[in-house]
There are 2 protein chains.
Amino acid sequence: TGFSKPMKQTSVNPLVGDIMSTSVVTIRQSASTYEAAKKIMDCSFNHLPVVSDENVIVGIVTSWDISKAVAQKKFDFVEDIMTRNVVTATPDEAIDIAAYRLDQNLVSALPIVDNQKRVIGIITSDDISKLLARRGNL
Amino acid sequence: TGFSKPMKQTSVNPLVGDIMSTSVVTIRQSASTYEAAKKIMDCSFNHLPVVSDENVIVGIVTSWDISKAVAQKKFDFVEDIMTRNVVTATPDEAIDIAAYRLDQNLVSALPIVDNQKRVIGIITSDDISKLLARRGNL
Ligand SMILES: C[S@@+](CC[C@H](N)C(=O)[O-])C[C@H]1O[C@@H](n2cnc3c(N)ncnc32)[C@H](O)[C@@H]1O
């Protein structure tokens with residue numbers, strides 16, 4: 001130790017961009033709760049970033065929000081049930097920073113955005129758990 | 001290498017029993033979808049193991065299943081929307097085995113059961129991701 005080992009570092013602690021899923025499904029805030037539920041069912045995904053016409057992130061809606069709408073018997077539009085303060089990450093961040101941010105904010109996924117806040121991917125705690133599954137230890 | 005290092009091994013790769021949450025909220029299969037949604041909202045948890053009167057696991061219901069009920073406009077009872085083939089773990093298993101099982105089955109949580117299939121805890125990919133957040137690397 002005492003030497004910097006960029007190669008080793010990268011393999012031990014990959015970047016968000018190496019792990020994130022780029023086939024992220026998004027939705028508009030004008031969509032109905034029913035449409036969001038259908039998207040979540042069809043893509044068997046749990047998190048839908050809510051985007052503007054320019055693909056800029058304005059919120060996130062999850063199956064938990066839809067379940068809450070059921071509990072409150074209040075079926076409105078995505079903009080009524082989405083979370084507006086979205087915790088995000090960028091592709092150049094280290095994966096442990098993303099894991100820490102998930103933990104601190106008690107969320108299960110971070111939309112990945114470019115420097116104009118456009119959605120380019122998503123990373124979930126499932127993806128991070130997978131890293132451990134493949135390595136066999138911490 | 002070549003030597004077994006049980007102490008090191010344990011600290012590097014904890015057991016499911018060390019990490020699992022024991023304050024697990026369960027539900028009966030006779031409950032309504034609405035009751036399940038309310039429980040998920042109130043305990044801000046995503047996964048409810050479905051148990052018999054003896055606390056034996058008979059299924060699992062998540063906000064994803066409730067969202068699916070919304071998409072299908074079919075609001076029945078928990079037994080109609082729950083998943084019956086539940087993937088579980090036991091407290092004595094290593095955490096990387098649990099992570100592997102989550103990954104292989106594309107699920108985000110494993111109810112933890114004793115040798116009589118009674119629910120004693122739950123572990124989620126959030127819990128596993130947290131381990132990485134605290135260690136700072138893989
Ligand atoms: C396949 S996942 C897809 C959505 C998302 N990836 C997730 O894990 O929540 C959703 C389905 O998995 C089921 N499920 C969750 N945990 C499970 C477990 N431990 N064993 C079996 N099925 C489970 C739920 O009941 C739900 O129908």
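Everything numeric in this text was worked out from a predicted model, so none of it was measured. Lettering of chains follows the sequences in order, A, B, ..., and the numbering in each one begins at 1.
The candidate from B:Ala69, B:Ala98, B:Ser44 with the greatest count of non-hydrogen atom pairs under 4.5 Å with chain A is B:Ser44. Options A:Tyr100, A:Phe75, A:Tyr34 differ in how many heavy-atom pairs under 4.5 Å they form with chain B, and the most are formed by A:Tyr34. In terms of non-hydrogen atom pairs under 4.5 Å with chain B, the most contact-rich of A:Gln72, A:Glu35, A:Lys73 is A:Lys73. Considering only heavy-atom pairs separated by less than 4.5 Å from chain A, the leading option among B:Asp65, B:Asp103, B:Ile66 is B:Asp103.
Ion pairing between B:Asp96 and A:Arg134 fails under the 4.0 Å rule for side-chain N and carboxylate O. Between B:Lys130 and B:Asp126, no side-chain nitrogen of the basic residue sits less than 4.0 Å from a carboxylate oxygen of the acidic one, so the salt-bridge criterion is not met. By the 4.0 Å N-to-carboxylate-O rule, B:Asp53 lies close enough to B:Arg28 to be salt-bridged with it. A salt bridge links A:Arg101 with A:Glu93: the distance from a Lys NZ or Arg NE/NH1/NH2 to an Asp or Glu carboxylate oxygen falls below 4.0 Å.
A cation-pi geometry, defined here as NZ or CZ lying under 6.0 Å from the six-membered ring centre and within 45° of its normal, does not hold between A:Lys39 and A:Phe45.
Using a 4.5 Å cut-off between heavy atoms, A:Thr124 does not touch chain B at all. For chain B, the nearby part of A:Leu102 is the side chain; its heavy atoms alone come within less than 4.5 Å. Neither the backbone nor the side chain of B:Thr62 has a heavy atom closer than 4.5 Å to any heavy atom of chain A.
Taken to the nearest 0.5 Å, the OG atom of A:Ser21 stands 7.5 Å off from the CD1 atom of A:Ile122.
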